[in-house]
Amino acid sequence: MASGSSSLMWFRKGLRIHDNPALQHAAKESNCVYPVFVIDPYFMEPDPNAFSPGSSRAGLNRIRFLLESLVDLDSSLRQLGSRLLVLKGDPGEVIIRCLKEWEVKRLCFEYDTDPYYQALDIKVKNYASAAGIEVFSPVSHTLFDSAEIIQKNGGRPPLSYQSFLKLAGQPSWASSPLLTTLSWLPPVGDVGTCEISNVPTVKELGYEEIGQDESTPFKGGESEALKRLRESIRDKEWVANFEKPKGDPSAFLKPATTVLSPYLKFGCLSSRYFYQCLTDVYKNMKWHTSPPVSLVGQLLWRDFFYTVGFGTPNFDRMKGNRICKQIPWNDDDELLAAWREARTGYPWIDAIMVQLRKWGWMHHLARHCVACFLTRGDLFVHWEKGRDVFERLLIDSDWAINNGNWLWLSCSSFFYQYNRIYSPISFGKKYDPNGNYIRHFLPILKDMPKEYIYEPWTAPPSIQAKAKCIIGKDYPKPVVCHDSAIKECKRKLAEAYALNKRLDGSVTEEDLKKLRRKLEEDENPESNTSRTRQKLIG
DNA sequence: CTTAGGTTGCCCGG
DNA sequence: CCGGGCAACCTAAG
């Protein structure tokens with residue numbers, strides 16, 4: 001590339017300076033670089049009808065996190081003599097217009113495996129190659145190249161973590177240092193007639209501000225990510241001894257994990273840099289934990305789901321998804337709403353759902369509990385409905401990981417032991433017998449004695465009165481009886497699994513309809529979900 | 001066909 | 001805090 005050419009650096013994820021090969025390439029031998037972020041109405045258009053503030057696809061917490069990340073990126077770019085150019089509109093159209101208007105010779109952006117970006121990137125790449133523009137789109141969001149791993153496995157993604165580990169091996173860059181700083185950037189060129197703005201505020205995007213009590217304590221941006229990374233790895237013993245399943249899901253003043261996931265989601269933190277920092281800590285320790293439970297193991301889980309998601313058509317749906325069991329989930333919007341709005345009557349479940357709405361983040365095991373409760377454990381609601389709620393509200397929501405975990409928790413794929421059900425009463429109690437987590441996120445129950453806080457409907461009326469929390473008035477009764485609900489769910493899953501086995505992966509809508517009818521006919525009236533609900537409410 | 005392996009269930013007893 | 005019993009699934013390898 002001749003000197004005197006201009007490059008366009010298209011930021012989508014990868015909102016960072018460190019370990020950003022696309023940005024490094026854009027800077028190389030260009031006399032000007034246009035760093036662009038496009039505000040995409042698909043994710044950012046306010047939806048007044050959504051069940052909580054935000055757009056139809058993103059809650060306000062994640063939108064704010066993104067804007068904070070952009071402000072931080074802009075400030076870092078300015079320190080390097082550049083700035084962030086923010087544009088609005090359909091990203092494909094906007095980028096193509098910029099390429100034309102600015103006579104860009106080179107387009108650089110991080111490769112993205114999400115279906116939305118796969119479709120978008122094809123359009124832009126097609127235009128660029130027809131116009132003779134060089135396109136550089138490196139894999140740097142993940143540790144490994146998903147396509148390469150799938151190819152190594154004969155064209156199909158590995159479906160277990162262990163087989164993924166064997167295929168993946170050591171990342172190619174593991175032992176060579178990553179470029180973590182830039183000393184300068186070429187200046188931004190003339191922007192012509194393109195409408196450039198600064199990073200907007202939530203208000204400028206058309207959202208009402210929400211109170212601090214309702215918003216996430218986690219701030220977006222690369223600076224915040226690196227600060228959080230340093231704090232996380234400062235305690236070397238903690239890093240070396242980290243075991244994910246041993247973490248306490250009820251810890252909220254000091255979460256049991258790093259809470260780096262939202263930074264990895266937006267690429268404020270490079271997963272590869274995180275990986276190198278962790279292996280550096282391991283080198284100086286006598287012993288350390290290993291995947292799947294170790295911290296490096298968590299990064300590998302992320303890559304595992306990226307790979308399966310990339311290699312599986314219709315990964316985010318039940319229908320047409322090769323690896324997904326076809327299950328006759330019910331379509332009960334009332335139960336879904338009770339779950340989403342934190343009024344199932346199970347304080348452990350509801351507190352987690354409040355933390356989701358307010359913080360946009362919960363511990364991994366807390367996510368397990370509510371996902372299991374919504375789907376195979378208690379309510380038997382379709383996992384896609386829960387997936388949508390998580391996808392919208394989580395500040396770290398990530399297409400591959402979120403869908404992968406919902407497939408997992410609903411026993412639709414990867415994991416099939418549907419008799420192992422999280423108890424909405426005893427699971428939380430074992431970590432937090434006093435119910436401090438519940439008291440914090442559900443203050444209506446703050447004076448409930450600890451003997452009853454996980455099942456307040458069993459508290460005698462005098463105790464409820466003293467705690468100023470009458471069950472059925474101030475806090476709901478349980479929407480279902482857990483003991484009978486799990487029996488029903490297990491029965492339905494056994495039947496559904498048998499059907500999937502019999503029809504060997506070709507279950508039609510008609511087959512599911514038939515099974516639904518059969519399940520209703522066989523239903524034991526005493527453990528009927530709706531009857532149980534009536535019995536408890538009425 | 002059998003068998004081993006699969007991130008992370010619950011309950012009980014020591 | 002750990003181990004075993006409980007009840008018991010699917011998938012992949014041989």
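The chains referred to below are lettered A, B, ... by the order of the sequence lines, with proteins before strands, and numbering in each begins at 1. Both backbone and side-chain heavy atoms feed into the values below; hydrogens, waters and symmetry mates do not.
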Enquirer: Taking the six-membered ring where the residue is Trp, are the ring centres of A:Tyr263 and A:Phe65 under 6.0 Å apart?
Expert: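 Yes, the ring of A:Tyr263 comes within the 6.0 Å limit of the ring of A:Phe65, centre to centre.
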Enquirer: Taking NZ, NE, NH1 and NH2 as the nitrogens, is one of them in A:Lys283 or A:Asp280 under 4.0 Å from a carboxylate oxygen of the other?
Expert: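 Judged by the 4.0 Å cut-off on N to carboxylate O distance, A:Lys283 and A:Asp280 do form a salt bridge.
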Enquirer: For the C1' atoms, the ones on B:dT8 and on C:dA12, what distance do you get once it is rounded to whole angstrom?
Expert: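 Their C1' atoms lie roughly 22 Å apart.
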Enquirer: Rounding to an integer number of angstrom, what distance separates B:dG6 and C:dC6 when you compare their P atoms?
Expert: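 Nearest-Å result for B:dG6 against C:dC6 at atom P: 24 Å.
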Enquirer: Rounded to whole angstrom units, what separation is found between the CZ atom of A:Arg502 and the C1' atom of C:dC10?
Expert: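 These atoms are roughly 18 Å apart.
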Enquirer: Does B:dT7 have a Watson-Crick or wobble mate here (both distances under 3.5 Å), and if so which one?
Expert: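 Base partner found: none.
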Enquirer: Can you tell me the pairing partner of C:dA7 across any strand shown, Watson-Crick or G-U wobble, with both distances under 3.5 angstrom?
Expert: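 Its partner is none (no Watson-Crick or G-U wobble pair with both distances under 3.5 Å).
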Enquirer: Determine whether the aromatic ring centres of residues A:Phe427 and A:Phe373 are separated by less than 6.0 angstrom.
Expert: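 They do not qualify: ring centres at least 6.0 Å apart.
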Enquirer: Between A:Leu159 and A:Lys246, which residue's closest nucleotide on DNA chain C lies nearer the 5′ terminus?
Expert: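 Taking each residue's closest nucleotide, the earlier one in sequence belongs to A:Lys246.
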Enquirer: Could you tell me whether A:Leu365 contacts a base, only the sugar-phosphate backbone, or nothing, with contacts defined as non-hydrogen atoms closer than 4.0 Å?
Expert: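 Touches a base.
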Enquirer: Between A:Phe164 (CZ) and C:dA12 (P), how many Å, whole number?
Expert: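 Checked: the CZ to P distance equals 17 Å.
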Enquirer: Calculate the interatomic distance between A:Glu495 atom CD and C:dC9 atom C1'; express it in whole Å.
Expert: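 Going from A:Glu495 (CD) to C:dC9 (C1'), I get 15 Å.
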Enquirer: Taking the six-membered ring for Trp, are A:Tyr497 and A:Tyr418 closer than 6.0 Å centroid to centroid?
Expert: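 A:Tyr497 vs A:Tyr418: aromatic centres under 6.0 Å.
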Enquirer: Check this for me, if you would: do A:Glu384 and A:Lys319 make a salt bridge, where the nitrogen-to-carboxylate-oxygen distance has to be below 4.0 angstrom?
Expert: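 No.
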Enquirer: Contact class for A:Ser160 vs. all strands (heavy atom < 4.0 Å): base, sugar-phosphate, or nothing?
Expert: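 If one applies the 4.0 Å heavy-atom cut-off, A:Ser160 turns out to touch nothing in the nucleic acid.
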Enquirer: If you look at every strand shown and take non-hydrogen atoms under 4.0 Å, does A:Lys429 touch a base, only sugar-phosphate, or nothing?
Expert: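 Nothing, no nucleic acid heavy atom in range.
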Enquirer: Check step by step if salt bridge (charged side-chain N to carboxylate O under 4.0 Å, His left out) holds for A:Glu214 and A:Arg357.
Expert: CA-CA 8 Å; A:Glu214 289 287 311; A:Arg357 205 190 64 228; 3.6 Å; yes
Enquirer: Of A:Lys265, A:Arg62, A:Arg367, which is the lone residue that meets salt bridge (Lys or Arg N to Asp or Glu O under 4.0 Å) with A:Asp396?
Expert: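 That would be A:Arg367; it is the only one of A:Lys265, A:Arg62, A:Arg367 passing the salt bridge (Lys or Arg N to Asp or Glu O under 4.0 Å) with A:Asp396.
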Enquirer: C:dT11, OP1 or OP2 - any side-chain N/O from A:Lys325 closer than 4.0 Å?
Expert: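 For C:dT11, OP1/OP2 do have a side-chain N/O of A:Lys325 under 4.0 Å.
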Enquirer: If you measure from the C1' atom in C:dG4 to the same atom in C:dA8, how many Å do you get, rounded?
Expert: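 Approximately 16 Å lies between the C1' atom of C:dG4 and that of C:dA8.
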Enquirer: To the nearest Å, give me how far apart CG (A:Asn500) and P (C:dC10) are.
Expert: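 Distance check: A:Asn500 CG to C:dC10 P gives 10 Å.
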Enquirer: Using atom NZ of A:Lys487 as one end and atom C1' of C:dA7 as the other, report the distance to the nearest whole Å.
Expert: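 Atom NZ in A:Lys487 sits about 14 Å away from atom C1' in C:dA7.
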Enquirer: Please classify the nucleic acid contact of A:Tyr497 as base, sugar-phosphate, or nothing, using heavy-atom distances under 4.0 Å.
Expert: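 Counting heavy atoms under 4.0 Å across all strands, the contact made by A:Tyr497 is with sugar-phosphate only.
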Enquirer: In whole angstrom, what separates A:Lys490's NZ from C:dA8's C1'?
Expert: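 Taking atom C1' of C:dA8 as the reference, NZ of A:Lys490 is at 10 Å.
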Enquirer: Here's one to test your reading of the geometry: is the NZ or CZ of A:Arg392 within 45 degrees of the ring axis of A:Phe51 and under 6.0 Å from its centre?
Expert: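 Output yes; distance and angle both within limits.
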Enquirer: Chain A on DNA chain B: first and last contacting nucleotide, 5' to 3', under 4.0 Å to a heavy atom?
Expert: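 Using the under 4.0 Å cut-off, the span is B:dG6 to B:dC11.
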Enquirer: For A:Gln326 and C:dC10, what is the distance between atoms CD and P respectively, to the nearest whole Å?
Expert: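 Computing the A:Gln326:CD to C:dC10:P distance gives 15 Å.
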